[in-house]
Structure formats: C-alpha cells, structure tokens
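Quick notes on the structure that follows.
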Amino acid sequence: MPGTLIYAEVQKGEIKKGSLEVLSKAKEFGGDVSACIIGSGAEALAPELAKYGADKIYVVDGPEFENYVPEAFVQAFAQVAEQVKPSVIFASATAQGKDLMPAVAARLKVGAISDCVDLKKEGDKIIAKRPIYAGKAYAMVEAVAEPQVISVRPNSFAASEQAGAGAVEKVAVNLDASKIKTVVKSIEIAQSDEPDQTEAEIIVSGGRGMKGPENFKMLEDLAKLLGPTATTGASRAAVDAGWREHAFQVGQTGKTVSPNLYIAAGISGAIQHMAGMGTSKVIVAINKDPEAPIFQKADYGVVDDLFSVVPALIEEIQKIKG
Amino acid sequence: MNTVVCLKQVPDTETLIKIAGTGIATDGIKWVISPYDEFAVEEALKMKEKMKAGNVTIVSLGPDRAIESIRTALAMGADTAVHVNDAAYYEKADPFATAAALAAAVKGLEYDAVFLGKQAMDDDSGQVPAMLGELLGIPVVTQVIKIEVADDKSKASVTREVEGGHALLDVSLPAVFSAQKGLNEPRYASLPGIMKAKKKPVDVKKAADLGVSDGPKTVVKELSLPPARQAGRIIQGDDAKAKAAALAKALHDEVKII
Ligand SMILES: Cc1cc2nc3c(=O)[nH]c(=O)nc-3n(C[C@H](O)[C@H](O)[C@H](O)COP(=O)(O)OP(=O)(O)OC[C@H]3O[C@@H](n4cnc5c(N)ncnc54)[C@H](O)[C@@H]3O)c2cc1C
Ligand SMILES: Nc1ncnc2c1ncn2[C@@H]1O[C@H](COP(=O)(O)O)[C@@H](O)[C@H]1O
C-alpha cells in the first residue's frame with residue numbers, strides 16, 4: 001500500500017489513545033505509515049509516535065494551533081495530505097476527528113467513512129465496517145477515490161508499541177488567515193482524570209432506578225474502584241431528570257460506547273439505550289424487575305434492589321483486590 | 001435573519017432493522033424527521049422569532065415520502081421548502097454526494113445560517129455538516145448546544161460540546177451549525193400550523209436542475225446484522241449480598257476484569 005497518513009490528535013499535551021490505536025492498525029496493513037501532528041509545541045510529541053511505529057512524522061507547530069479551530073486545522077492537514085499523497089488517511093473518530101475528517105475529505109474532493117469499528121484490506125482498498133441505525137446493523141463501505149479518508153471508533157483496536165523510523169519533518173503550512181472565521185473564547189473541560197465514555201474500558205451506568213442525583217456517588221465509587229480506565233454513564237431518563245449532564249448519556253441520542261465491561265444499574269434496556277452500548281464485550285444488569293428487557297441482552301444479571309447490590313458489590317470487589 | 005435547515009427523513013428509532021440487499025426492508029417503517037434535525041428546525045424558528053424577521057427554508061434530499069417530514073417542519077413554522085427528489089442521490093446516501101446536492105440547493109437561497117442535525121439517525125455518518133460548510137466556503141460549528149446571534153447578524157456566540165466539556169467560540173456569519181441534544185426542546189406542530197403548511201410552497205428539484213453532478217464517493221458493499229446477543233446467566237443467591245459476591249467472583253474469574 002503506497003502510504004498511510006494518520007492524523008495524530010493532541011489533547012492536554014498528549015497524543016490521543018485512539019490515534020495510537022489507528023497507527024497500530026495501519027502498521028498491520030503494511031506499507032509506509034506516517035503521522036501528522038498539529039499543535040502548539042506538537043514537535044515534542046513526535047517521539048511518542050515513533051514508539052508506536054510511525055516511519056515519518058509531519059509536524060505542524062505554531063501558536064496559531066494552540067486550540068482546535070476547524071478552518072485552521074483543515075487547511076494545515078489538507079496541505080500535509082497534498083504533500084504526502086497517501087492512499088489512505090486514518091483518524092480516530094473522536095469529537096475532533098469527526099469534525100475535521102469530513103471537511104478534509106470535502107476539500108480534497110474525496111469520500112469519507114466515519115466511525116468505523118473494523119477494517120480489512122482488499123488489494124489496495126480498505127473496506128471499513130461501520131455501525132448504522134445506531135448499531136442495529138453494520139455496513140461494509142469502500143471509498144472509491146483516493147485518499148480514502150477513514151475515522152475509527154476509539155477502542156476498536158489495541159495500541160501496541162513497535163519502533164518506527166520516526167523521521168521528523170516540520171511542515172510550514174500556508175495559512176490563509178482570512179479563511180479563519182472562528183475564535184475560541186474558552187474551553188471548559190471538567191477537571192477529571194476519568195476517561196471519556198467513548199474511550200473507557202469500563203462503564204458503570206445508572207438509569208431512572210437510581211432515584212436521584214445523589215445516588216450516583218456510589219456508581220462513581222464503583223468506577224473508581226475498578227481502575228483508571230473506568231467511568232460512569234447514564235440513561236436518557238437520568239439525564240432528562242437533570243441528575244447527570246448530557247455528556248454522560250449513553251444511547252441513540254447520547255454516546256455510542258463499546259467498553260469491555262458495561263454495568264447497567266436501574267436501566268430497563270430500551271432499544272435506544274441498547275443501541276448505544278450493545279457492542280460492549282460484557283454487559284452486567286442490576287435491576288429489581290426480572291422482566292426488564294435488559295436481561296435479554298446481559299451476560300450477567302442480578303435481579304435485586306440496586307441500593308443493596310451496588311454497595312455490596314463495592315465491598316466484595318474491595319475484598320478481592322485486597 | 002434568513003436561515004436554512006437541512007432535514008432528513010429517517011425510520012423511527014423503535015424500528016427493527018431488516019436487511020434487503022445493500023439496503024433495508026422498508027415495509028412497515030414509520031418515517032420521522034431525524035431527531036437531531038428537529039433541534040435544527042426549532043433553533044431556526046426561535047431565531048426568526050427573536051429577530052422578528054426573516055424566512056426559514058427547509059431543504060431535504062429524499063424520495064416522495066420525504067414530503068411528509070417537510071410538511072411537518074412547515075407546520076412547526078418554517079416558511080418554504082426545497083425538496084431535492086433525485087434517486088441517484090438519495091439512494092446511495094453518500095455523505096459527499098448528499099452534501100454536494102444540499103450545497104447546490106442552499107446556494108440558490110439567501111441565508112445567514114444553515115442548521116443541520118449532528119448526525120442522521122439512519123446512517124449515523126455525522127459528516128454532511130462539515131462537508132456542506134466546506135463546499136459552501138463558510139465556517140462550520142458542529143455539536144452546538146447554545147447559539148446567540150448578535151443583533152447586527154454579523155456573528156454568533158456559540159457553545160459546542162467537546163470531549164469532556166464545552167468550548168465557547170465566536171463565529172462570523174453566515175455559518176453552518178450542527179445541532180446536539182440540549183440545544184432546545186423542539187415544539188410540536190399546532191393544528192392551525194398543520195392547516196397553513198398545506199399551502200406553503202415546496203420547490204421540487206432534480207440534481208440536474210441544481211447543476212450538481214458529483215457521484216457517490218463511497219459504496220456500501222454489504223449490510224449485516226450484529227450477532228444476536230444471548231441472554232446470559234442470572235446470578236443466584238439468597239440475598240443481595242450473596243448475589244453481589246457471586247457477581248464479583250464472576251467478574252474476577254470469568255471476565256478477568258478485576
Ligand atoms: C428518539 C429517542 C431517542 C432516545 N435516545 C435515548 C438514549 O440515547 N439513551 C437512552 O438511555 N434512552 C434514550 N431514549 C429513551 C428510551 O426510550 C428510554 O425511555 C430510556 O432509556 C429509559 O431509561 P431508564 O432505563 O433509565 O428508565 P426506565 O425505563 O424507567 O427504567 C428504570 C429501571 O430501573 C429499575 N429500577 C427501579 N428502581 C430500582 C431499584 N431500586 N433497584 C433496581 N432496579 C430498579 C426498574 O425496574 C426499571 O427497569 C430515546 C427515546 C427516543 C424516542
Ligand atoms: N438527505 C438529506 N437531506 C437533508 N439533509 C440531510 C440529508 N442527509 C443528511 N442531512 C443533514 O445532515 C445531518 C448529518 O447527516 P449525516 O452526516 O448523514 O449523519 C443530518 O442531521 C441532516 O441535517
């Protein structure tokens with residue numbers, strides 16, 4: 001394959017895990033694998049990309065790339081792509097990846113495939129598998145023109161270290177400032193060490209059965225106990241009641257997640273909720289109603305009052321962990 | 001303040017999906033306005049009401065049945081519509097070709113802002129808004145949860161959802177916005193609204209009328225259903241504590257997550 005270019009996204013001074021995952025997958029397909037990082041002080045992150053196998057790293061560095069501004073990033077990345085002429089462009093389907101990639105594709109007048117969960121190679125082409133109808137079906141999609149622009153859902157592949165040549169090339173892009181029409185005033189990111197739901201390996205979610213916002217504390221405690229890759233989620237009923245922010249919502253009008261473990265406490269398992277978490281590797285349901293539809297899909301079901309089960313579960317896990 | 005709303009008709013979210021070739025079987029489906037697009041319609045209407053002037057135009061690419069969703073938006077309060085009814089475009093549902101067709105339709109209109117949903121609830125692509133902005137040559141703000149337009153309509157202050165929080169930004173108009181949940185609560189069409197909607201003008205166009213010829217840039221090779229999830233094991237135990245202990249043990253021994 002004559003060249004793959006990865007968009008390596010920077011957040012909080014680090015390369016996003018999802019970018020390293022697509023980099024690892026691209027290495028599996030073979031051919032030249034290069035990466036492009038854009039950011040203020042981005043050059044310092046090049047060694048990280050080399051560690052995960054990047055043969056070449058294109059760096060667009062400058063204070064004008066301090067914050068993500070679509071019109072600036074699309075110009076920069078499209079210019080790098082035009083220089084590198086890859087046959088495939090991969091990005092992680094993060095909020096930023098999903099914002100940037102379609103704009104890049106439209107600028108290059110090619111197609112784009114978003115939020116894929118699996119990839120295979122047929123000849124020179126990548127066939128991407130993506131959920132549609134909120135995970136109720138899968139489509140195998142091929143991009144006809146090159147570069148094929150593909151974003152991959154976080155957690156779809158493992159990031160694995162393997163040394164790459166890691167040659168760094170700084171690219172001076174030609175930024176047309178008159179095209180930059182957005183000014184970022186501020187970014188408010190909750191000060192939390194928890195991963196985003198889309199990247200978390202474990203999610204402890206609560207629904208209407210939680211009864212009130214104060215009870216989410218025990219789900220937070222459980223998540224904390226399960227480690228740094230765990231976080232909490234919520235059903236729409238819990239979000240609509242104002243107990244959790246929309247950012248926590250899992251489902252058709254919330255986030256689509258596929259963690260290794262999804263624990264649903266006091267969630268009935270409506271089709272729109274299942275659509276957002278049906279691809280989780282292991283589902284645990286805690287619900288006092290034995291008829292709750294979620295038990296049809298759960299790998300482990302506990303029929304009982306969550307207010308007894310969750311605290312007891314915390315105790316038992318503490319015992320196991322010692 | 002003139003606005004355009006791009007609206008797609010999709011199957012209701014309760015729909016059980018059955019596959020037919022590289023598409024889905026459409027018998028028995030209830031068709032609705034894609035839920036995020038309802039937020040887009042509502043925001044355009046609110047803006048018109050606040051500015052006390054302007055037109056809201058609906059643009060939809062879709063088959064004959066899409067007219068029902070277009071009429072619903074007109075009944076909510078939109079003024080006019082363009083229905084791009086061209087099978088070569090809606091059948092392939094390629095995001096780029098869709099954006100190209102919509103861009104061609106939007107170009108013929110007067111607008112200060114274009115509203116879309118953050119993603120259509122059928123293909124879940126989430127790509128048309130950014131592509132449309134690029135094709136129109138105007139800025140795009142995706143996943144917006146709050147928009148305030150300056151009185152002189154020169155710019156808007158926008159809050160958008162980003163991973164782990166929010167970003168506040170200023171963008172000059174015209175611009176494209178994609179609606180995230182939380183932006184507003186869509187209104188229902190009123191009875192007088194439904195009556196009025198019947199008389200509102202809908203301009204039906206083919207791609208050729210709009211001068212677009214971009215073909216699809218992606219091809220769906222195959223559709224499949226996810227493997228059905230089997231109901232697993234109900235954890236037994238005398239009381240909640242015993243069940244919790246058994247669950248913890250299963251997570252440790254079988255799932256190996258603890
Ligand atoms: C267009 C559209 C989009 C939607 N998008 C989403 C979405 O993104 N995400 C989403 O989640 N929903 C979504 N929904 C809503 C969805 O249909 C359901 O209404 C919602 O998921 C219900 O949330 P719930 O399971 O928390 O509440 P309920 O269905 O009310 O279930 C609560 C459960 O808690 C159990 N319970 C109560 N008390 C206890 C207790 N003490 N111990 C144990 N169990 C208890 C009950 O037995 C019950 O099963 C959408 C709906 C529509 C129409
Ligand atoms: N066929 C269509 N007609 C009108 N608007 C569309 C169409 N397809 C997509 N859109 C708009 O683009 C948004 C995102 O769609 P998508 O990128 O397909 O997920 C939708 O919420 C609509 O606002």
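Here is the naming used below: chain letters follow the sequence lines, and residue numbers restart at 1 for every chain.
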- Largest heavy-atom contact set with chain A, pairs under 4.5 Å, which of B/Asp122, B/Leu16, B/Leu225, B/Val162: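 Maximum pair count with chain A is reached by B/Asp122.
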Let me know if [X] has heavy atoms under 4.5 Å from chain B in its side chain, its backbone, both or neither.
X        : result
A/Ile127 : side chain
A/Val74  : side chain
A/Lys281 : backbone
A/Thr256 : neither
A/Ile180 : neither
A/Gln11  : side chain
A/Ile320 : side chain
A/Glu71  : side chain
A/Ala298 : backbone
A/Val239 : side chain
A/Glu245 : side chain
A/Lys12  : neither
A/Gln252 : both
A/Val104 : neither

- Message: So that I can tick it off, tell me whether B/Asp124 and A/Arg130 are bridged by a salt bridge, with the cut-off set at under 4.0 angstrom between side-chain N and carboxylate O.
- Response: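 So A/Arg130 does not pair with B/Asp124 through a salt bridge.
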- Query: When you check the gap from the basic side-chain N to the acidic O, do A/Lys185 and B/Asp170 get nearer than 4.0 Å?
  - Reply: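 Salt bridge flag = yes for B/Asp170 with A/Lys185.
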Distance from [X] atom [atom1] to [Y] atom [atom2], nearest 0.5 Å?
X        : Y        : atom1 : atom2 : value
B/Gln127 : A/Lys98  : CD    : NZ    : 10.0 Å
B/Lys217 : A/Gln148 : NZ    : CD    : 13.5 Å
B/Ser125 : A/Asp115 : OG    : CG    : 9.5 Å

Taking the side chain as every heavy atom from C-beta outward, state whether [X] and [Y] have any atom pair closer than 4.5 Å.
X        : Y        : value
B/Lys241 : A/Glu316 : yes
B/Ile258 : A/Lys321 : yes
B/Val219 : A/Val144 : yes
A/Ile189 : B/Glu163 : no
B/Ile257 : A/Asn260 : yes

Does any heavy atom of chain A fall under 4.5 Å from the side chain of [X], the backbone, both, or neither of them?
X        : answer
B/Ile24  : side chain
B/Gln230 : backbone
B/Asp214 : neither
B/Leu135 : side chain
B/His166 : both

- Who pairs with B/Glu134 by salt bridge (Lys or Arg N to Asp or Glu O under 4.0 Å), at least two apart in sequence or on another chain?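 With sequence neighbours excluded, B/Glu134 shows a salt bridge (Lys or Arg N to Asp or Glu O under 4.0 Å) to A/Arg107, given in chain and number order.
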- Sequence neighbours excluded, which residues qualify as side-chain hydrogen bond (donor to acceptor under 3.5 Å, both in side chains) partners of B/Lys249?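 Partners of B/Lys249 under the side-chain hydrogen bond (donor to acceptor under 3.5 Å, both in side chains) test: B/Asp253.
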- Query: Crowded around B/Asp238 CG? As in, over 12 foreign heavy atoms under 6.0 Å?
  - Reply: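 No.
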Of the non-hydrogen atoms in [X] and [Y], which two are nearest, and what is the gap between them?
X        : Y        : result
B/Met131 : A/Ala112 : CE-CB, 3.8 Å
A/Asp304 : B/Lys243 : OD2-NZ, 3.0 Å
A/Val309 : B/Ala240 : CG2-CB, 4.0 Å
A/Phe295 : B/Ala231 : O-CB, 3.5 Å
A/Thr253 : B/Met121 : CG2-CE, 3.1 Å
B/Thr15  : A/Lys136 : O-NZ, 2.9 Å

- Neighbours of chain A found in residues 2-14 of chain B - heavy atoms under 4.5 Å: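 Interface residues of residues 2-14 of chain B: B/Pro11, B/Thr13, B/Glu14.
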Under 3.5 Å, which donor-acceptor pairs do the side chains of residues 138-149 of chain B form with other protein atoms, sequence neighbours left out?
{"residue": "B/Thr142", "atom": "OG1", "partner": "A/Asp99", "partner atom": "OD1", "Å": "2.3"}
{"residue": "B/Thr142", "atom": "OG1", "partner": "B/Arg160", "partner atom": "NH2", "Å": "2.9"}
{"residue": "B/Gln143", "atom": "OE1", "partner": "B/Gln180", "partner atom": "NE2", "Å": "3.1"}

- Residues A/Gln249 and B/Lys181: side-chain donor-acceptor under 3.5 angstrom: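 Short answer, yes.
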- Message: Would you say A/Tyr300 and B/Glu254 are linked by a side-chain donor-acceptor pair, where the criterion is simply a distance under 3.5 Å?
- Response: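 Looking only at side-chain atoms, A/Tyr300 and B/Glu254 do form a donor-acceptor pair, the distance falling under 3.5 Å.
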- Query: Within the side chain of B/Arg229, is there an N or O that forms a donor-acceptor pair under 3.5 Å with the backbone of A/Gln296?
  - Reply: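 Between the backbone of A/Gln296 and the side chain of B/Arg229 there is no qualifying donor-acceptor contact (under 3.5 Å).
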